[in-house]
K.L.:
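Just dropping this structure here.
Each ligand, and each atom within it, is numbered from 1 in the order the structure gives.
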Amino acid sequence: MTQEELFKKLISHCKEYGFIFPSSEIYDGLSAVYDYGQYGSELKNNIKKYWWDSMVLLNDNIVGIDAAIFMHPRTWEASGHVGAFNDPLIDNKDSKKRYRADVLIEEHIAKLEGKIDKEVEKAAKKFGEAFDKNQFITTNGRVLEIQKEIDTVRARFVAALEKPDLDAMRQIIVDCEIVCPISGTKNWTDVRQFNLMFDTKIGSVSDEANVIYLRPETAQGIFVNFLNVQKSGRMKVPFGIAQIGKAFRNEIVARQFIFRMREFEQMEMQFFVRPGSELDWFDKWKEKRLRWHLAMGINPEKYRFHKHDKLAHYANAAYDIEFQFPFGFKEVEGIHSRTDYDLGRHAQFSGKKITYFDPELNQSYVPYVIETSIGVDRMVLLALANGYAEEKVVKEDGTTDERVVLRIPPALAPVKLAVLPLVKKDGLDEKAQQIVKALRFEFNCQYDEKDSIGRRYRRQDAIGTPYCITVDHQTMQDDTVTIRNRDTMQQERIPIAGLQKYMGDKVSIRSMLEKI
Ligand code: ATP
């Protein structure tokens, strides 16, 4: 199965099993807007809790807030979003499809990098044990040629972004002979700038002064509350403010399911530090955030850091954490050193003094900021894409069966355990219900008595339930149950009295938090 087929299957699986639906589907949906169903919202809530606890519970010097989506319009002038929150867009005249010019170029570079990987793979096979990758990529003629092409395109791209020079960007697309994936032609329009903010009106008087924006990032709600939080919480630099909330962007390219949505959710933390210490803190947060990802137990090879080619005007360091989605390595989180730009600009635009008096240095300054910013929806997609598998299973009678399993990290799974009476008689069903009643205070439990036990296991595998408990006739005699592991499909027999501890050890968010 190709990655593209796998991705399509995942999308229909998400709909069929109540994870994610197209928004207002009965009206044919709304482009790049999605609703979370009964299991999707549980998964999302668990991800948010994992993030929130890792920030606010585990750090004495990080507090959480919940700022409004609507903000004073001056906020977005100060932040630079009114003037510069633009994406360069380009249309293909034949397919009439719209693309982000920068994304087309980045994808072209990724393709070239893929060619190098293939050369390396071929050579590794040919030379076997004796293969020295480093030597190969620094000496092989073909690899050096591709690398030179990458470097040239990238240098032109960074220069075009920096100005920004839209004609130069178009010229790169023309020179690289980039074609539209739909029409296959090179018939491109000019590149234009497009502001990503949604606007709306506040109040009943409809004049210009009442235009406000739906926030395109949650960070500004933190910056404008810097003094409120610092003073009311008597916070001492270094300290952080965390927030989870909705953000809105009128994205041009909206073809990757919940990877790029027009309404999405962010988990952002702004960490305020002494000027001059920001790059040390940047390194610390960069490593710490990767540890948060890896503590979920996901294969580290699916992650990589990506250094920004071009820094935003306010940043002095920026890295993305990228994950290998079915459509390639893509950003899931950004870590940015934002200097004193945001607080400085808000001071300038509001006319208010926004500084911090550092008692240890006996001096006032505008703190510098390290930001960690991650999309909740991209994390949901990451957990689903990483976990989705189709497998052949050998049944007890020797015949084979197929199963679709979602190997979501157990602590994030929507349902933690299913309790299944082997048959619906002899008191087995009541016993099973008693177990659910006792455990549901701590774990999201399901009771299921319909169909054969095998089919019930399949249903739970498909929604990623890590444990299934079966109540059988032996249970009625000795108060033990079998517990089946989703991933290994192995079963063990344990006493009902030990279930709570067993489950607690296996599915608690704490077990991941301890690894960070
Ligand atoms: P991209 O380059 O993919 O457009 P970005 O660099 O604009 O992303 P940031 O502004 O750094 O993204 O936003 C921080 C995080 O918010 C991203 O890492 C991503 O997880 C999430 N995010 C941004 N835009 C979207 C979107 N349209 N849909 C879902 N998540 C998003």
K.L.:
Between Glu331, Glu106, Glu265, which one has a non-hydrogen atom sitting closest to atom 11 (O) of ligand 1?
P.N.:
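Heavy atom nearest to atom 11 (O) of ligand 1 belongs to Glu331.
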
K.L.:
Less than 6.0 Å separating the ring centroids of Phe327 and Phe325?
P.N.:
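Centroid separation for Phe327 and Phe325: below 6.0 Å.
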
K.L.:
Regarding Asp151 and Gln147, is there a side-chain donor-to-acceptor distance under 3.5 Å anywhere?
P.N.:
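The answer is yes; a qualifying pair exists.
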
K.L.:
Taking only Lys NZ, Arg NE, NH1 and NH2, and the carboxylate oxygens of Asp or Glu, determine whether Arg249 and Asp87 approach each other closer than 4.0 Å.
P.N.:
no

K.L.:
Can you confirm whether the side chains of Asn92 and Thr185 place a donor and an acceptor under 3.5 Å from each other?
P.N.:
yes

K.L.:
Is any side-chain N of the basic residue among Lys9 and Glu390 closer than 4.0 Å to the acidic one's carboxylate O?
P.N.:
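So Lys9 pairs with Glu390 through a salt bridge.
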
K.L.:
Could you tell me if the ring centre of Tyr368 sits under 6.0 Å from that of Trp281?
P.N.:
no

K.L.:
For ligand 1, is there an N or O atom under 3.5 Å from any N or O atom of Met261?
P.N.:
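N/O-N/O distance under 3.5 Å: yes.
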
K.L.:
Going by the atom numbers of ligand 1, which of them fall below 4.0 Å from some non-hydrogen atom of Glu333?
P.N.:
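Matching atoms, with element in brackets: 18 (O).
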
K.L.:
With atoms numbered from 1 as shown, which atoms in ligand 1 lie under 4.0 angstrom from a non-hydrogen atom of Phe259?
P.N.:
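Near Phe259, the atoms of ligand 1 are 28 (N), 29 (C), 30 (N).
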
K.L.:
Does the side chain of Ser337 come under 3.5 Å of the side chain of Glu278 through a donor N or O and an acceptor N or O?
P.N.:
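Ser337 vs Glu278: no donor-acceptor pair found between side chains.
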
K.L.:
Among all protein heavy atoms in this structure, tell me which lies nearest to atom 13 (O) of ligand 1, with the distance rounded to 0.1 Å.
P.N.:
Gln266 NE2, 3.4 Å

K.L.:
Identify, for atom 19 (C) of ligand 1, the protein heavy atom at the shortest distance, and state residue, atom and that distance.
P.N.:
Arg378 NH1, 3.5 Å

K.L.:
Which of these, Glu268, Glu217, Arg249, Lys330, has its nearest heavy atom closest to atom 24 (N) of ligand 1?
P.N.:
Arg249

K.L.:
Check Arg262 against ligand 1 and report side chain, backbone, both or neither, counting heavy atoms closer than 4.0 Å.
P.N.:
neither

K.L.:
Would you mind listing which atoms of ligand 1 come within a distance below 4.0 Å of any non-hydrogen atom of His336?
P.N.:
11 (O)

K.L.:
Test of understanding: given a 4.0 Å heavy-atom threshold, classify the contact between Arg260 and ligand 1 as side chain, backbone, both, or neither.
P.N.:
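Near ligand 1, Arg260 shows its backbone as well as its side chain.
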
K.L.:
Need the ligand 1 atom indices (1-based, order shown) with element for anything under 4.0 Å from a heavy-atom of Glu251.
P.N.:
24 (N), 26 (C), 27 (N)

K.L.:
Heavy-atom distances under 4.0 Å are what count here, so tell me which part of Asp320 touches ligand 1: side chain, backbone, both or neither.
P.N.:
neither

K.L.:
If we only count N/O pairs under 3.5 Å, is Phe264 in contact with ligand 1?
P.N.:
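Such a contact does not occur with ligand 1.
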
K.L.:
Which residues pass the ring-ring contact (aromatic ring centres under 6.0 Å, His included) test with Phe157, not counting sequence neighbours?
P.N.:
none

K.L.:
Checking a contact table here: which protein heavy atom is nearest atom 21 (C) of ligand 1, and how many Å away?
P.N.:
Gly375 CA, 3.7 Å

K.L.:
Which of the numbered atoms in ligand 1 are below 4.0 angstrom from a heavy atom of Arg100?
P.N.:
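Per the distance check, 4 (O).
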
K.L.:
Under 4.0 Å from a heavy atom of Ser373: give me the atoms of ligand 1 that qualify, with their elements.
P.N.:
13 (O), 14 (C), 15 (C), 18 (O)

K.L.:
Asp190: which residues meet the side chain to side chain donor-acceptor pair (under 3.5 Å) condition with it, sequence neighbours left out?
P.N.:
none

K.L.:
Mind checking whether Met267 has a heavy atom under 4.0 Å from ligand 1?
P.N.:
no

K.L.:
With distance as the sole test, does Tyr356 use its side chain to make a donor-acceptor pair with the main-chain N or O of Phe272 at under 3.5 Å?
P.N.:
no

K.L.:
Judging by distance only, is a nitrogen or oxygen of Val332 under 3.5 angstrom from one on ligand 1?
P.N.:
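By distance alone, the answer is yes.
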
K.L.:
Checking Gln270 side chain against Phe223 main chain: does a donor-acceptor pair fall under 3.5 Å?
P.N.:
no

